[in-house]
Amino acid sequence: PLRETLIACESPRGFGVLLAGRIPDSPLDLAVSRVRALVCAYASDDAHAVFVKSLPLLGLGTGLTPSGDDLAGAALFARRLVAPRDPRWPALAERLTHEIAARSHVVSAALFADLARGQSFEPLHAMAEARAAGDSAAALGAARALAAIGHSSGWDMLAGFFIGVGGVRVRRL
């Protein structure tokens with residue numbers, strides 16, 4: 001699968017290390033339970049729980065796009081791909097976009113809003129499209145390009161993407 005192949009090729013950073021079954025470095029190590037809670041909310045397909053469990057991740061981390069923002073935004077991006085006609089997810093996107101404005105940097109809030117509305121970096125779209133088409137090589141190439149974004153932003157988005165599509169099991173975290 002894509003996740004295992006990517007981890008064999010690249011060294012995960014940020015919340016991306018959770019995909020390898022490891023605990024992230026400080027200060028993200030203190031937020032693993034928050035990520036587990038978000039995984040459970042997505043696994044139960046409970047939009048209200050996703051809202052509640054996303055809130056403590058918003059603004060969590062360092063830099064202009066904190067890891068929690070990238071992870072939560074990409075998870076929502078992915079869920080909207082999985083359930084494109086489900087009205088709960090666009091409504092949730094608007095609620096979280098409103099919330100992040102008070103919880104994070106303006107740059108991160110703008111990028112989160114794009115993710116939440118299904119618009120983001122080209123490699124994320126390319127990876128999703130290649131996965132849907134069953135093109136493993138193209139999906140891996142796009143995932144590697146995504147992983148290269150920022151210090152850990154790409155990896156944080158990858159972790160969020162897998163959470164949103166339901167590709168992460170709670171026990172693996």
Side-chain angles (χ1 to χ4, degrees), residues 12-16 18-19 24 27-28 31-32 34-132 139 142-168 173:
R13 296 181 306 277
F15 281 129
L18 294 170
L19 298 174
L28 299 181
V32 171
R34 295 176 188 179
V35 176
R36 282 187 184 127
L38 186 64
V39 170
C40 290
Y42 274 104
S44 65
D45 196 38
D46 183 339
H48 177 71
V50 168
F51 175 77
V52 170
K53 301 307 180 184
S54 293
L55 291 177
L57 291 166
L58 300 181
L60 179 75
T62 61
L64 292 178
T65 61
S67 291
D69 298 359
D70 293 328
L71 178 122
L76 188 51
F77 172 94
R79 182 49 55 108
R80 290 187 67 177
L81 291 177
V82 171
R85 291 180 178 78
D86 188 332
R88 297 175 303 153
W89 304 111
L92 178 62
E94 293 308 312
R95 288 179 69 198
L96 287 173
T97 296
H98 174 76
E99 288 291 331
I100 197 170
R103 297 170 183 261
S104 195
H105 189 277
V106 66
V107 170
S108 190
L111 292 173
F112 179 93
D114 288 345
L115 279 165
R117 293 180 179 128
Q119 306 162 351
S120 187
F121 296 98
E122 188 277 332
L124 183 57
H125 287 274
M127 182 186 72
E129 290 170 11
R131 284 192 61 190
R144 291 181 84 177
L146 182 61
I149 294 175
H151 176 72
S152 68
S153 288
W155 278 103
D156 296 325
M157 285 186 276
L158 281 161
F161 180 87
F162 286 116
I163 290 168
V165 298
V168 175
L173 297 180

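Just so it is clear, the values below take in all heavy atoms, side chains as well, and ignore hydrogens, waters and symmetry mates.
What you find for Ala78 and Val165 is that their closest heavy atoms are CB-CG1, 3.6 Å. For Arg103 against Leu55, the heavy-atom pair with the smallest separation is NH1-O, 3.5 Å. Closest approach of Ala143 to Leu158, counting heavy atoms only: O-CD1, 3.8 Å. Nearest heavy atoms, Val32 versus Pro24: CG2-CD, 3.6 Å. Residues Val82 and Gly164 share a closest heavy-atom pair of CG2-O, 4.3 Å.
Evaluation of the salt bridge (charged side-chain N to carboxylate O under 4.0 Å, His left out) rule for Arg13 yields no partner, not counting sequence neighbours. Qualifying side-chain contact (heavy atoms from CB on, under 4.5 Å) partners for His125, counting only residues two or more places apart in sequence or in other chains: Phe77, Ser120, Glu129. For Arg88, the salt bridge (charged side-chain N to carboxylate O under 4.0 Å, His left out) partners are Asp45, Asp86, not counting sequence neighbours. Residues satisfying the side-chain contact (heavy atoms from CB on, under 4.5 Å) criterion with Ala109, sequence neighbours excluded, are Ile100.
Here the side chains of Ile163 and Phe15 are not in contact, with every heavy-atom distance at 4.5 Å or above. For the pair Tyr42/Lys53, no side-chain contact is recorded, criterion being any heavy-atom separation below 4.5 Å from C-beta on. Residues Val35 and Leu57 are in side-chain contact: their nearest non-hydrogen atoms beyond the backbone lie under 4.5 Å apart. Taking the side chain as every heavy atom from C-beta outward, Phe161 and Leu81 approach each other to under 4.5 Å. Between Pro12 and Leu19, every side-chain heavy-atom pair lies at or beyond the 4.5 Å cut-off. Ile149 has its side chain within reach of Leu146: a pair of non-hydrogen atoms, C-beta onward, lies under 4.5 Å apart. Between Val50 and Arg79, every side-chain heavy-atom pair lies at or beyond the 4.5 Å cut-off.
Applying the ring pair (Phe, Tyr, Trp, His ring centres under 6.0 Å) test to pairs two or more places apart or on separate chains, none has a residue in residues 90-113. Annotation: side chain to side chain donor-acceptor pair (under 3.5 Å) contacts involving residues 68-78, sequence neighbours excluded, comprise Thr65-Asp70, Asp69-Ser104, Asp69-Ser108, Asp70-Ser153.
Counting only distance, with no hydrogens or angles, the side chain of Arg80 and the backbone of Ala116 share a donor-acceptor pair below 3.5 Å.
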